[in-house]
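Per chain, numbering begins at 1; letters A, B, ... match sequence-line order.
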Number of protein chains: 2
Amino acid sequence: MNTAPTVYDVAERSGVSIATVSRVYRNPDTVRAKTRERVLAAARELGYVPSGNARGLASRSTGVLGLCFPDYSDPDAEAEAEDDAATLYSDQIIRGMERTARRHGYALLIAASLKGGPESLVAKVAGRVDGFAVLARTVPTEELEVISRRQPVVMLAGPREDLDHLDHVEVANFDGQRELTRHLIEDHGLRRLAYVGSAEESPDVEARFRGYLEACRVAGAEAGDQPAVRVRMMTQAEGARVADALCDREDGRPEALVFANDQMAVGALHALERRGLRVPRDVVVTGFDGLPLSRLVRPSLTTVRQPMLRMGEQAVTLLVERLNGARVEPVSLVLPVSVARRASCGCDGDDGPPPGGE
Amino acid sequence: MNTAPTVYDVAERSGVSIATVSRVYRNPDTVRAKTRERVLAAARELGYVPSGNARGLASRSTGVLGLCFPDYSDPDAEAEAEDDAATLYSDQIIRGMERTARRHGYALLIAASLKGGPESLVAKVAGRVDGFAVLARTVPTEELEVISRRQPVVMLAGPREDLDHLDHVEVANFDGQRELTRHLIEDHGLRRLAYVGSAEESPDVEARFRGYLEACRVAGAEAGDQPAVRVRMMTQAEGARVADALCDREDGRPEALVFANDQMAVGALHALERRGLRVPRDVVVTGFDGLPLSRLVRPSLTTVRQPMLRMGEQAVTLLVERLNGARVEPVSLVLPVSVARRASCGCDGDDGPPPGGE
DNA sequence: ACCTAGGGTGAATGCGCTTACAAGAGCGCG
DNA sequence: CGCGCTCTTGTAAGCGCATTCACCCTAGGT
């Protein structure tokens, strides 16, 4: 692990100036072929790798895009197991971003925020990339606002707020949940629904709830002005707990449990099975997200599919556009979602081959 | 997107020298509290974010670890769908690395290699990180060898080669496949097995095959010295094709199809169902990897579980150790695997809750 | 043979920060 | 009252590369 060779070493070894070495890498065409060969040979012998830092400093750009996301997974042993089975939301976004970034010649820097040190997180990422995406509520909007004055920032999965100048990519939470709810009420004739949302302020989850309410209103179905339950964390464990609680309610078990995400719905599926209840015969369960997991559980889960890969792709596209100076006005993209009608509401999986058979 | 404020701006605004500004961020304790406040206030007003590049250049370290992996997914529409359902190998490793890196104060830079431009890939990553991991065969070993003279490099999922000085993290491919095969032969009394490997040179897949052979040898079961089939790509589609081919063999259908990975095995499951064959009654199928998918298909797949998250964690641990100068000799870690005996070999899922129930 | 264009190369500067090193300020002590 | 300290802050020298400008050399034109 000796100190790494630099342009100076390569220059000396190949008998040229450092400017020429630099040119060999940046603009090979401007260097005579013979000289170029000599330089490359020397570089190879020395094991020279250009310093990204120096490069970035001098050229004022890094060739790297970033992503900040919250750390969903708890370090608990139990959560570990859950992890194991689920492709997380963030995995998909990472994949989408990486793929698209690569296509544009960028690498991707990812960093999850631990609760507590958000400042250092963003600073660390922001200082090392040409632009970056942030999953909603990972970082205070004001902070992003400041940073976005110097580099492109796009917010994922959060609606555009009045005064922010960021680019946004979100999905049609309202429409998706409304359509799903409409399906339950009109196509399956369900009336007594219970919506399970989140206690923490999440604009996405709120939008879903509003979609749910709208569908209820239109169909004249019962629906309080608040979710039946608000959980603290939208995990499988909480979903299971809530399912139990709702089944034990004095005013009778709801006909359908409408969860704000798939994780909770899957947890509920487990809990209901433990109680000996059949889904969808005894109770209908739905989720939201369209995780791969949702298609693979039994019964397969009716849910709203978010194009998560595409969110990542769009985020990168927006960043690149802005880096190329193509746009000035902030945009707010709303990606369409689709309702996956599967077994857990009484439909049969009609959205692709069921696992183990095709 | 004006030009970003620098230490100079902050220094001027707060009436100190740039050294003091720097110290406020690097060693806050060495600056008088009052001065520190002034500097931080100025920084906040200006929206100052330290340049990672300059920082890295001056301090000769980046606080970033890297990962290079091959791009498994084809951009085809069909592959897209497959993607959708699978948590990829790389996702897990990314997650494991990110989590552990964060714990040590590092961020993670990821970059997949497209076929063709491997040189630029590694150079790009290597030049920007303090150390990095590479998935086996993403990059020629010799190239890594050179780079590892200047920064820590660990290879994932590839065995230590004679002359390389890299750190390695692999799993017990041989042991795992041997144990799985032994189980099929001794516990299920199967004799006519067919191993499906890969045409491309993959040390991991080769080790698995050797484990298979060893088990056959010990038990006195038939086994050629070559896999029954070698596929070009280890995908579901190929798995399905191979399953069909093996069933149509003149010398009769094998009792068990032993696949070198889960993806192929799952493809085979589909193909067999299409032919009306029952698994495991008519034919036994096994995989390797322990993807989440393997537990969720019906019948659930008997396979060998690799601790992929842990591989990522170990990779980071090794990198950090080396960065701290703790070690000099290269090490070669072999992580243990475990056989998941599930429905596709006639056992019942005894390794955790079946999906939809617990 | 002289002049002009370029192509190819080197010298020099600066990117924004870290980090010795030095210097000044305040302090207790003999 | 002067010396040696500790605590703070400033000065200055890079870190490794990109890039501008100037320069040299050769080829082509007249």
Close N/O contacts between protein and nucleotides 10-13 of chain C (under 3.5 Å):
residue, atom, partner, partner atom, Å
C:dG10, OP2, A:Ser17, N, 3.0
C:dG10, OP2, A:Ser17, OG, 3.1
C:dG10, OP2, A:Thr20, OG1, 2.6
C:dG10, N7, A:Arg23, NH2, 2.8
C:dG10, O6, A:Arg23, NH1, 3.4

So what does B:Val31 touch, heavy atoms closer than 4.0 Å: a base, only the sugar-phosphate, or nothing?
sugar-phosphate

Between C1' on C:dT18 and CG on B:Leu57, what's the gap in Å once rounded to a whole number?
10 Å

Within the structure, does a side-chain N or O atom of A:Arg55 lie under 4.0 Å from either OP1 or OP2 of D:dA18?
yes

Spacing between A:Asp9 atom CG and D:dC15 atom P, to the nearest angstrom:
11 Å

Could you tell me the separation between the CG atom of B:Leu108 and the CG atom of B:Leu65, rounded to the nearest 0.5 Å?
7.0 Å

In this structure, are over 12 heavy atoms from other groups packed under 6.0 Å from A:Glu321 atom CD?
yes

A:Asn27 has an atom CG; how far is it from atom C1' of C:dT9, in whole Å?
14 Å

Can you tell me how far the CG atom of A:Leu135 sits from the CG atom of A:Leu156, to the nearest 0.5 Å?
5.5 Å

Of the listed nucleotides C:dC17, D:dG16, D:dC15, the one nearest the side chain of B:Arg60
D:dC15

Could you go through nucleotides 22-27 of chain C and list every protein N or O atom that sits under 3.5 Å from one of its N or O atoms, giving the distance for each pair?
none

Please report, rounded to the nearest Å, how far the P atom of C:dG7 is from the CZ atom of A:Arg32.
14 Å

Mind checking if B:Thr6 touches a base, just sugar-phosphate, or nothing, with heavy atoms under 4.0 Å?
sugar-phosphate

Atom CZ of B:Arg128 and atom P of D:dC15 are separated, to the nearest Å, by 19 Å

5'-most by nearest nucleotide on DNA chain D - A:Ser22 or B:Ala54:
B:Ala54

Taking only side-chain nitrogens and oxygens of B:Thr35, does any of them come within less than 4.0 Å of OP1 or OP2 of D:dT9?
yes

Atom CD in A:Glu142, atom CD in A:Glu145: separation rounded to 0.5 Å?
9.5 Å

When rounded to whole Å, the CG to C1' distance for the pair A:Asn53 and C:dC17 reads 11 Å

Return the value, rounded to whole Å, for the distance between atom OH of B:Tyr25 and atom P of C:dG16.
15 Å

